[in-house]
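These notes are about the structure you will find just below.
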Amino acid sequence: MKIDLTQLVTESRNPASANIDALNTVEMLAVINNEDKQVALAVEKTLPQIAQSVDLIATAFRQGGRLIYIGAGTSGRLGILDASECPPTYGSDPSQVIGLIAGGKTAILKAVENAEDNRELGAQDLKEINFNSTDVLVGIAASGRTPYVLGAMDYARSQSGAVISLSCNPVSAMTQASDIAITPIVGAEIVTGSSRMKAGTAQKLVLNMLTTGAMIKTGKVYGNLMVDVEATNAKLVERQKNIVIAATECDRATAEAALAQCNGHCKTAIVMILTQSDAQQATDLLDQSNGFTRHAVQVKA
């Protein structure tokens, strides 16, 4: 089957870099940097759609649903990256945000030939994780036409799941197949067709917003502090102490004592100190407040 890429913005030639191979190193990098400056502005134009998506994902989380990212190549790897960072940052269950890539684990490090062209494989990968109506699927592809992703989106709709698309071409099969289409138009790449560059950067910015926004809206952040962070190494143990100190303006000894009493649960330690409660009382206050630290403190007050 012949594929016509000539109409895709992400496959067009960029006049700003037409002679980039003739520039010195600083000039070359300046061209790349100037193009990168456009990415955040392109993402800004999609904030209404990103906000809709965040609210949808947060609602799914509250109902026990999951966020599933699916993509091929760079897009799939970015989804996996974002998903893998959620448990250590927010103490979330590893199954709450999942990243899937065409070709499976092998494709994370090395391209798997033809995997992205298989629609059935996209559907099969969702079947294997028991995708259902409580889940949200985010299909990621710079082109907006990747068959593997489209197959997954079709399957998700057949299961009555919510479907979001993230692509960088204004009109695509993915935008038409989604409930919400996030489409930052970053323009032609510096190296023609190399969508790991501006398109990839735009995708990363959007994914950051989706999970960060949903985690904030489900009580994983107090102020701007990651109060559900898991202390899985020495750096994070220290970060927990600093978070408790920043949130309560207590001294180091008080923070350490509170963390020790609640088995290193940052959020509980904060509520303990701010409400002058013991660990069990703080836990009860958080339960009454659906895990929101600010609400738990206000309930006690």
When Asn118, Asp117, Asp125 are each screened for side-chain hydrogen bond (donor to acceptor under 3.5 Å, both in side chains) with Tyr148, the one that passes is Asp125
Under the criterion side-chain hydrogen bond (donor to acceptor under 3.5 Å, both in side chains), which of Gln203, Glu189, Glu35 is the partner of Lys198? Glu35
Please find the pair of heavy atoms, one from [X] and one from [Y], that lie closest to each other, and give the distance.
X	Y	answer
Asn208	Lys204	OD1-NZ, 2.6 Å
Val237	Ala231	CG2-CB, 3.7 Å
Leu236	Glu230	CD1-O, 3.2 Å
Gly71	Val149	CA-CG2, 3.7 Å
Cys262	Thr268	CB-CG2, 3.7 Å
Ala141	Ser75	CA-OG, 3.7 Å

Does any non-hydrogen side-chain atom of [Y] lie less than 4.5 Å from one of [X]?
X	Y	result
Pro147	Arg119	yes
Lys241	Leu259	yes
Gln280	Thr283	yes
Phe61	Val97	yes
Gln159	Asn132	no
Gln96	Cys86	no
Arg77	Ile101	yes
Leu109	Thr106	no

Is a donor on one side and an acceptor on the other found under 3.5 Å between the side chain of [X] and the backbone of [Y]?
X	Y	answer
Asn169	Ala142	yes
Gln240	Val229	yes
Thr74	Arg196	no
Thr46	Gln49	no

Side-chain heavy atoms under 4.5 angstrom apart, residues restricted to Ile, Leu, Val, Met, Phe, Trp, Tyr: same cluster for [X] and [Y]?
X	Y	answer
Leu166	Val54	yes
Leu47	Leu207	yes
Tyr90	Ile216	yes
Ile140	Leu205	yes
Val221	Val297	no

Measuring from atom [atom1] of [X] to atom [atom2] of [Y], what distance do you get when rounded to the nearest 0.5 angstrom?
X	Y	atom1	atom2	result
Gln52	Ile57	CD	CD1	11.5 Å
Asp82	Ile98	CG	CD1	13.5 Å
Asp179	Leu56	CG	CG	7.5 Å
Arg252	Glu238	CZ	CD	4.0 Å
Asp228	Thr218	CG	OG1	9.0 Å
Leu210	Ser53	CG	OG	6.0 Å

Apply the test side-chain contact (heavy atoms from CB on, under 4.5 Å) to residues Val43 and Ile50: give CA-CA distance (whole Å), side-chain angles for both, the deciding distance (0.1 Å), then the verdict. CA-CA 9 Å; Val43 171; Ile50 298 172; 4.0 Å; yes
Crowding at [atom1], [X] (>12 non-hydrogen neighbours, <6.0 Å):
X	atom1	value
Asp278	CG	yes
Glu128	CD	yes
Arg62	CZ	yes
Arg157	CZ	yes

side-chain contact (heavy atoms from CB on, under 4.5 Å) for Tyr222 and Lys267? Distances and angles first, verdict last. CA-CA 8 Å; Tyr222 176 51; Lys267 185 186 290 185; over 6 Å; no
Tell me, with the steps shown, if Met209 and Val206 meet side-chain contact (heavy atoms from CB on, under 4.5 Å). CA-CA 5 Å; Met209 291 185 186; Val206 173; 5.6 Å; no
Residues Tyr69, Thr211; criterion side-chain contact (heavy atoms from CB on, under 4.5 Å); working and verdict: CA-CA 11 Å; Tyr69 290 137; Thr211 45; 3.3 Å; yes
